[in-house]
Undergrad: 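Could you have a look at this structure, given as structure tokens, before my questions?
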Amino acid sequence: MKVDILTLFPAMFKGPFEESIVGRARQRGLLDVNILNIREYALDKHQQVDDYPYGGGAGMVMKADVLCRAIDAVKTPDAHLVYLSPQGPRLEQPTVVRLAKKPHLILLCGHYEGIDERVMNEVDEELSIGDYVLSGGELAAMVAVDAVTRLIPGALGDERSAQEESFAEGLLEYPHYTRPRTFRDREVPEVLLSGHHENIRRWRKKLSLERTLIKRPDLLLGRHFDQEERQMLEEILFDGEN
Ligand code: ADE
């Protein structure tokens, strides 16, 4: 997958894209990320990227000609252009799954009061990472790239992990344990030491359901529960035991 990021602050991306899963995906050639400095597409001698808003008011507006020149420089026929902004619908896992299938993403990071509205003609999709206002789209672009990269085949090394993670099945993940067996008088649940794969699977599923019910009940609204899940929910709600 190719990702072009258009930003006024390219240095912000240095560290985050060199570490962990994203860094490794780049090294392995699974992810080709290009960071482009929007300012390089400003042609005047001051390299002006923003200007006062028509009609007056506070703040500056990013100029349409500069932004469109930057976009034109990276656009391909199969590119999907995402504008990160607090006004877009919230980025959630189904959108991450959809974006992960695109061969070429262009992520446009806004700053100041926003961008000249006429640039929106070039935008395929506007996305927000949450209902708060960031200083710019850069952190949001990093979030999007991280979430998408996890879904690129081979990026995690172990293909099961992405499938089993929180939200992949619409539920939160079950609890995890590793050595030692006893830590500060707390034991690892017995079933995990049993080697009985079906019991472990059921235990995990039930804990996933229980956690989701307690921590994020909103995720269960509108969910279709299969027979096994209905029975587990009944046990959780009426037996009070795991
Ligand atoms: N730019 C500023 N705030 C943002 C947000 N919440 N999501 C995406 N882009 C942004």
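We count ligands from 1, going down the list as the structure has it; atoms in each ligand are counted the same way.
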Undergrad: Regarding His111 and Glu138, do their side chains bring together a donor and an acceptor under 3.5 Å, going by distance alone?
TA: yes
Undergrad: Check each N or O atom of ligand 1 against all protein N or O atoms and list the pairs under 3.5 Å, with atom names and distances to 0.1 Å, one per line.
TA:
unit_1   : atom_1 : unit_2 : atom_2 : d
ligand 1 : 3 (N)  : Leu134 : N      : 3.0
ligand 1 : 6 (N)  : Gly130 : O      : 3.1
ligand 1 : 6 (N)  : Tyr132 : O      : 2.8
ligand 1 : 7 (N)  : Ile129 : N      : 3.0
ligand 1 : 9 (N)  : Ser85  : N      : 3.1

Undergrad: Not counting sequence neighbours, which residues clear side-chain hydrogen bond (donor to acceptor under 3.5 Å, both in side chains) with His104? List them please.
TA: Asp4, Thr76
Undergrad: Hey, which of Asn34, Leu107, Val74 is the one that makes side-chain contact (heavy atoms from CB on, under 4.5 Å) with Leu6?
TA: Val74
Undergrad: For Ser85, give me all partners under side-chain contact (heavy atoms from CB on, under 4.5 Å), at least two apart in sequence or on another chain.
TA: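 Testing Ser85 for side-chain contact (heavy atoms from CB on, under 4.5 Å), a comparison that skips the adjacent residues, returns Tyr83, Gln87, Glu126.
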Undergrad: Checking salt bridge (charged side-chain N to carboxylate O under 4.0 Å, His left out) for the pair Arg204/Glu173: CA distance, chi angles, key distance, verdict?
TA: CA-CA 8 Å; Arg204 287 178 165 167; Glu173 253 194 302; over 6 Å; no
Undergrad: Can you list every ring pair (Phe, Tyr, Trp, His ring centres under 6.0 Å) pair that touches residues 21-61, not counting sequence neighbours?
TA: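 Those involving residues 21-61 do not exist here.
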